Protein chains: 2
Amino acid sequence: MPKDQRVPEPDISGAPARTLRADARRNRTRILEAAEAVFAAKGPSASTEEIAQKAGVGIGTVFRHFPTKESLLKAIMHAVAVRLTEETRALAAEGDPATAFFAFFTRTVEQAAEKKTVVDLLAQAGIPVTVAKPVLALREAVEVLVGKAQQAGAVRPDVRVPEVMALLIGVCQASLHTRWEPDLRARTLAIVFAGLRPAATAG
Amino acid sequence: MPKDQRVPEPDISGAPARTLRADARRNRTRILEAAEAVFAAKGPSASTEEIAQKAGVGIGTVFRHFPTKESLLKAIMHAVAVRLTEETRALAAEGDPATAFFAFFTRTVEQAAEKKTVVDLLAQAGIPVTVAKPVLALREAVEVLVGKAQQAGAVRPDVRVPEVMALLIGVCQASLHTRWEPDLRARTLAIVFAGLRPAATAG
DNA sequence: CTGTAACCGAAGTGGAGACTCCGATTGTAG
DNA sequence: CTACAATCGGAGTCTCCACTTCGGTTACAG
């Protein structure tokens, strides 16, 4: 019985614990890609079997890499959070802070309209008490972005981050339920942006 | 075999098909009340058994009155839609149209924060192609309310109903996910309202 | 090339929940 | 009061899904 020790957790982030066999590493990547696609389309309620099928592996392989469906979901959320955070930071760093915030808002809503994963992630980010580090990082990146937009006079100074997050989450949620034409999305965002801008700048 | 004919559907609306026995009518009412409470708290994923228990009847009785979980859900949605529509019409009929719309918006969000049923209902109402009559009536009532508010100059004339519905749904959805203190809710609504008002009136 | 340990995957397990069946119960007509 | 048919209710069925198991397969060291 040569195996008595087992890797306690295949780890959440993305890098395997240590020298994973070649085929194992390949399958792990496939599973992550398939899971991201399926979760984005159908939400967290999608069955593990569907993911396995889409990845071209057996269901047992999925559970070998991710002992729980939840752990798989966390891995995806982690990846999405990191990506969103990077985008947000890039926007905050470069160019005009006045337009950066509104560009971020619009872009996030556009993504959310097609990816349930983004919406679920944002819903987590909206709750003040956040456990996961990547989600916390996303929150902070948004805070920076809002702060800069306010300093630039593009957003009313009395607006706080929580309500911005609430609005962001709300519009994203709504974009999932109603099939938005780009036109409707634009008009809805226009109203929200009008509410966020200083009174003088509105219109 | 004296029974060969059976009522094809216990009907969705609320009134029993015909002279229901006394205990049956009482149980039907209890089931509806219990279902409304449970669905409002836990959403449509709540189990039928929990509803039966809360109503103090066996699960068989629930399925006798409502052959499908979906039919029970429809009955509840119907009732909620009718109630919301009446409230909305009353607001549109009475007093100041300028404040009526904002009062409606605020009140609906407050209700949605505690009742998942309301949110699910609104999500249906947001889709242009609506099947159920009560939901359609709700949409029309909102249209009247928005129209009057616009004529009174309280809402920008270029705003259309779909984006108002989208915003309403969005804020309601968001209020479910984040545990809102009244303070945050008020600030979020203030932003949306500022975006809806004519530029001159804002502030 | 060969042994072996790690890996794969599909059948199997257990539980949850929607829905059914049928003997026990009860309202109600006569 | 009695009979009977409608109603009740909960044990049982069926399906779906997360998760496990284990014999077959494969990558990699020697």
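No experiment lies behind these values; they were computed from the predicted model shown. In what follows, chains are A, B, ... by sequence order, proteins preceding strands, each numbered from 1.
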**Request:** Nearest whole angstrom, please: distance from the C1' of dT25(D) to the CZ of Arg26(A).
**Result:** 13 Å
**Message:** Taking 4.0 Å as the cut-off, does a side-chain nitrogen or oxygen of Thr48(A) come that near to OP1 or OP2 on dA18(D)?
**Reply:** yes
**Request:** Please report, rounded to the nearest Å, how far the P atom of dC14(D) is from the CZ atom of Phe63(B).
**Result:** 16 Å
**Request:** May I ask you to test the Phe102(B)-Arg107(B) pair for a side-chain heavy-atom distance under 4.5 Å?
**Result:** no
**Glu49(B) CD to dA11(D) C1', straight-line distance once rounded to whole Å** = 11 Å
**Request:** Under 4.0 Å between any heavy atoms, over every strand shown, what does Ser47(A) touch: base, sugar-phosphate, or nothing? Just pick one.
**Result:** sugar-phosphate
**Item:** Reported CZ-to-NZ distance for the pair Phe63(A) and Lys69(A), which is rounded to 0.5 angstrom
**Value:** 8.5 Å
**Request:** By nearest nucleotide on DNA chain C, pick out whichever of Thr61(A) and Asp23(B) is the more 5' one.
**Result:** Thr61(A)
**Which nucleotide in dC19(C), dG9(D), dC7(C) has an atom nearest any side-chain atom of Val57(B)** = dG9(D)
**Message:** Categorize Ala46(A) for me: base, sugar-phosphate, or nothing, with a 4.0 angstrom heavy-atom threshold over every strand shown.
**Reply:** sugar-phosphate
**Prompt:** OP1, OP2 of dT7(D) versus side-chain N and O of Asn27(B): anything below 4.0 Å?
**Reply:** no
**Request:** Quickly work out the Arg64(A) CZ to dG23(D) C1' distance and round it to whole Å.
**Result:** 13 Å
**Complete:** From the list Val38(A), Leu73(A), Ile76(A), side-chain contact (heavy atoms from CB on, under 4.5 Å) with Thr117(A) holds only for Ile76(A)
**Item:** Pairing of Asp120(B) and Lys116(B) as salt bridge, 4.0 angstrom limit
**Value:** no
**Message:** From CZ of Arg30(B) over to P of dT7(D), roughly how many Å is that when rounded to an integer?
**Reply:** 17 Å
**Rounded distance (Å) that lies between atom C1' of dA10(C) and atom CD of Gln53(A)** = 13 Å
**Complete:** In whole angstroms, the gap separating C1' of dT26(C) from CG of Leu20(B) amounts to 14 Å
**Asked** dC19(D) P sits how many Å from Ile59(A) CD1, rounded?
**Response** 10 Å
**Request:** Anything under 30° is parallel, anything over 60° is perpendicular, the rest tilted; go ahead and classify Phe101(B) against Phe104(B).
**Result:** tilted
**Request:** Could you tell me whether the phosphate oxygens of dC8(C), OP1 or OP2, come under 4.0 Å of any side-chain nitrogen or oxygen in His65(A)?
**Result:** yes
